[in-house]
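Report on the structure given below.
So you know, we letter chains A, B, ... as the sequences are listed, proteins then strands, and number each from 1. The analysis underlying the following values was restricted to heavy atoms, covering all of them including side chains, and did not include hydrogens, waters or symmetry mates.
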Number of protein chains: 2
Amino acid sequence: MKLSQGVEWGLHCVVLLAQDPDGAPVSRRTLAQQFALPETYLAKHLQALVRSGVLQATSGPKGGFRLARPPEEITALDVLEAIEGSASPFVCQEIRQRGTGGVPPEECRLPCTVSSVMAAAHEAWRASLRGVTVAEIRERLPKNVRERDVRATAPG
Amino acid sequence: MKLSQGVEWGLHCVVLLAQDPDGAPVSRRTLAQQFALPETYLAKHLQALVRSGVLQATSGPKGGFRLARPPEEITALDVLEAIEGSASPFVCQEIRQRGTGGVPPEECRLPCTVSSVMAAAHEAWRASLRGVTVAEIRERLPKNVRERDVRATAPG
DNA sequence: GCCGCGCTACTCGGATAAGCCATGTCCGAGTTGAGTTGG
DNA sequence: CCAACTCAACTCGGACATGGCTTATCCGAGTAGCGCGGC
């Protein structure tokens, strides 16, 4: 199991944008240079965040990205599932129905026990991420990082 | 993020073996036929379970796999990390140190906030899986599945 | 009848090829701002 | 001096190559049971 590194990029970018919610949009070039990331590939993930309604994009000069909602209403889970997708990492293949002595479909209305255990773990994971907002992350940042982010959101 | 389907296979096989902890070993062929899985590929995952000390393998005729510990002492997390590896799905690339205004390394002793949030979620996930033993899964199985498993562990 | 030996068949284990998704990149469409020119 | 037009540069957005990991497979090493032959 491996998480796309775009998740890290997206979280850092969203937190950075949260430093200045009502300010001017920040271009993807600025964001990429801020973390020394490949600009065009970062753009791919930013697009995903726009599609999910986390970010809002503006075209043209002085354009860029800004938060679509107040940072208090954006959870880490929102960012993660925007980039990584909301599908469960565990997909039950219903192997209980296959092979020797397979269980007939009419007895498989309820999800299999193994699947339930995995689903519970996934939900615990989601709940943990849902309980943290971007605003909270912003407030937990050390002073130096915060100053750096503010500097990045400043135009020029 | 996608979880290897070997996890599902491994869990089902371990639960099946838990139906008869002190019985004769079950060969990988029997296990594969039981769920209609590719035998040699299933073997790869079973090997991983042996390496992690979850299963115990026996060679020769009448050989096969059996649990290395009582099912009460095997958690879903043990099985999962044996197959999937125990590495965290989120690997912090320390991008805060890179790019314009990168934070110097001496100020990065503590893990970055984003990384901490992800680590907490991962720990919640692990805790959920650690709280479920194979014995508990076995007891939650419907009657028909349980009978099917017992039949599979019976020699012949 | 009993013991020892060899064989066979079955088991696991590691090394070896394809397929798919994450990664990385490029170019095109759209939009806004500034500069210029005419009134 | 003001307004409208043109241009140009900058932005995002979607379509196109590449690499690594999951998937899938094969063959070899080892072992235990079974049959056979000798005593």
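Rounded to whole angstrom, the span from the CD1 atom of Ile83(B) across to the P atom of dT22(D) amounts to 13 Å. Taking atom CD of residue Glu39(B) and atom C1' of nucleotide dC10(C), one finds them 11 Å apart after rounding to whole Å. In this entry the distance linking CG of Leu46(A) with P of dG14(D) reads 13 Å, nearest Å. Summarising the geometry, the separation between NZ on Lys62(A) and P on dC12(D) is reported as 14 Å, rounded to the nearest angstrom. The interatomic distance linking Gln33(A) (CD) with dC10(D) (P) rounds to 13 Å, in whole Å. As rounded to whole Å, 18 Å separates atom P of dC21(D) from atom CE of Met1(B). Between Leu49(A) atom CG and dC12(D) atom P the separation is 13 Å, expressed in whole Å. Atom pair Arg66(B):CZ and dC12(C):C1' shows a separation of 14 Å (rounding to whole Å applied).
In this structure, His45(B) and Val50(A) both approach DNA chain D, and ranking their closest nucleotides by distance from the 5' end singles out Val50(A). With DNA chain C read from its 5' end, the first of the two nearest nucleotides for Lys44(B) and Val26(B) is the one closest to Val26(B). For Pro61(A) and Trp9(A), each mapped to the nucleotide of DNA chain C holding its nearest heavy atom, the one lying further toward the 5' end belongs to Trp9(A). Place Arg28(B) and Arg28(A) on DNA chain D by their nearest nucleotides, and Arg28(A) ends up nearer the 5' end.
Shortest non-hydrogen contact noted between Cys13(A) and Leu42(A) is SG-CD1, 4.1 Å. Nearest heavy-atom pair across Pro71(A) and Thr133(A) is O-CB, 3.8 Å.
With dA24(D), dT25(C), dC12(C) as the choices, the nucleotide that has an atom nearest any side-chain atom of Phe65(B) turns out to be dC12(C). When the nucleotides dC27(D), dC10(D), dT22(D) are ranked by their closest atom to the side chain of Lys2(B), dT22(D) comes out on top. Among the nucleotides dT31(D), dG14(C), dG24(C), the one closest to the side chain of Gln47(B) is dG14(C). For Ser59(B), counting side-chain heavy atoms from C-beta on, the closest listed nucleotide (dC12(C), dT23(D), dA9(D)) is dC12(C).
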(message) Determine whether His122(A) and Phe90(A) satisfy the following criterion, ring pair (Phe, Tyr, Trp, His ring centres under 6.0 Å), listing intermediate values before the conclusion.
(response) CA-CA 8 Å; His122(A) 186 216; Phe90(A) 180 87; over 10 Å; no
(message) Could you go through Glu139(B) and Arg146(B), starting from their C-alpha distance and side-chain angles, then the distance that decides it, and tell me whether this counts as salt bridge (charged side-chain N to carboxylate O under 4.0 Å, His left out)?
(response) CA-CA 9 Å; Glu139(B) 285 159 22; Arg146(B) 205 157 170 178; over 6 Å; no
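The phosphate of dT25(C) (OP1 or OP2) has no side-chain N or O of Tyr41(A) nearer than 4.0 angstrom. An OP1 or OP2 oxygen of dG20(D) is reached within less than 4.0 angstrom by no side-chain nitrogen or oxygen of Gln5(A). Close to dC10(C), at under 4.0 Å from its OP1 or OP2, lies no side-chain N or O of Ser27(B). Here Arg51(A) reaches the OP1 or OP2 of dG14(D): one of its side-chain N or O atoms lies under 4.0 Å away.
Ser4(B) comes within 4.0 angstrom of the backbone, heavy atoms only, and of no base.
For Ser27(B) and Thr30(B), the side-chain atoms include at least one donor-acceptor pair closer than 3.5 Å.
In this structure a side-chain-to-backbone donor-acceptor pair under 3.5 Å is missing from Arg98(A) to Gln33(B).
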